Amino acid sequence: MTRLPLRPELAELEPYGAPQLDVPVRLNVNENPYPPSAAVVDDIAAAVRTAAAGLNRYPDRDFTALRVDLADYLAVESGVRLAPEQIWAANGSNEVMLHLLQAFGGPGRTALSFDPTYSMYPEYARDTMTAWVAGRRADDFTLDPAAAATLVARVAPSVVLLASPNNPTGTALPATTVVAILDAARDVPGGCVVVVDEAYAEFRRAGTPSALELLDAHPHLAVSRTMSKAFALAGGRVGYLAAAAEIVDALRVVRLPYHLSAVTQAVARAALAHRDELMAEVGTLRRDRDVLVAWLRERGLTVADSDANFVLFGQFPDRHAVWQGLLDRGVLIREVGPTGWLRVSVGTPEEMAAFRAALTEVVGL
Ligand SMILES: *Cc1c(COP(=O)(O)O)cnc(C)c1O
C-alpha cells in the first residue's frame, strides 16, 4: 500500500459531522425548519440567473455589495451601525473562523475556549497548527468572569473563542463576562483577538445583548454571525463577521482568491432582502423554544436555559438509548454535550409534536 505523508496528528481521525440520516423528523443540526417561501425562492432564482450570465468572470473578490447589505441588516437587527469595511464574509462562519485562526493563530500560538462548547473549535486550531486550551464552564454552563479572565492571563492566547449563545448548551454570555475577557485579552503581551461566535444571536431572549454593542470600544473583538440558522440558509453557506477594519484587513490576506462565489453572493443578497419575513419566523421559533423548555421541565427533566433555536436536556443514565429510541420512532436529535445530555433543535409544530410523543414513549414521561 502507498504510504501517504499524512500529518501524524491527523492519523485515524474521522471527519467531523452529525449523521445525515433520511428520517421524517430531523432535529439534529439546528437548522431553521421552515424552507424559504415561494417569494424568496423566486428572488434567489432570479438573482442566480443574473449572476449566471457573468460566470465567465471572477466574482467581486471584496463582495462590496454584500458587505453593504450585511451592515444594513446588522443595524436593523441589533441597532449597531457598522461600516462595510468592518464586515467580512465567507462560506459559512466556519470558514470565517478558520480565516481568524489562519491570521491570528499558527505554530507557537494558542487558542482558548471554554468547554462544553462547539466541537469545531479545536479542529480550526489543529488545522492551523495552533495549540488548543479549553477551560471549563460552571455546572450550569455559565462562565465566571473572574475565573475566565484569570485563565486568559495565564494562557496568554492569541485567540479566544466564545460561543454566545453557546452550542450545545444554549447559554448566552452577559456583556460583563465578555468585557472581563476583553480586558484580560487586552493585556496579553503579544495581543489577543476575542471572537464571539453569535451563530444563534437572532434567537436570544429579550434583554440579552449582542457583543456587536462592544465593538466600538474594543478593537480586538470580532463578532461572527451566520445565515445558516436564523436566515434559513444553511445550504447557501454564508457566514460573516463584524470587527474593526484592521481585523478584516488581516483576514483579506489569508483568504483564498475569490473565495465567495458570484452565486453565493447573489443568493445571500436575495435572502437578505427578505429579512422581515425571515425575522417573523425567528419570533415563532423563539416562542416555540420557550414552550419546549417549559414542557420538558414540567416532565421533571433538567433543561439548560436557551437563547438559541435548540435545547439541551437530560440527564439520562443511558443517553444513547434515548437517542436510539427516538430515532427508531423517526425522530433524529443530537447526542452531544456533557454525558447524560441530549440536544434537540426547535422544529415546526408538527415536528415538535412528533418529538414530544416519541420522547414520552421512550422515557415513559
Ligand atoms: C451552526 C454553528 C455555526 C455556523 O456554521 P456555518 O458554517 O455558518 O453554517 C457557527 N458556530 C456555531 C457555534 C454553530 O453552532
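Counting starts at 1 for both ligands and their atoms, following the listed order. Quantities reported herein were computed from a predicted structural model and do not represent experimental measurements.
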Inset, instruction - Write down the atom of Ala51, the atom of Ala262, and the distance for their closest heavy-atom approach. - result: CB-O, 4.1 Å
Inset, instruction - Taking atom CG of Asp216 as the centre, report whether more than 12 heavy atoms of other residues, nucleotides or ligands fall under 6.0 Å from it. - result: no
Legend entry - His220-Phe104 aromatic ring centre distance below 6.0 Å: no
Inset, instruction - Going by the side chain to side chain donor-acceptor pair (under 3.5 Å) test, name the single residue among Asn166, Asn30, Asn309 that passes it with Tyr200. - result: Asn30
Legend entry - Check: Ser210/Arg225 side-chain N/O donor and acceptor closer than 3.5 Å: yes
Inset, instruction - Nearest 0.5 Å please: distance from the CD atom of Glu202 over to the CD atom of Glu281. - result: 12.5 Å
Legend entry - Under 4.0 Å from ligand 1, counting heavy atoms only: the protein residues, by chain and number: Gly92, Ser93, Asn94, Tyr118, Asn167, Asp197, Ala199, Tyr200, Thr226, Ser228, Lys229, Arg237
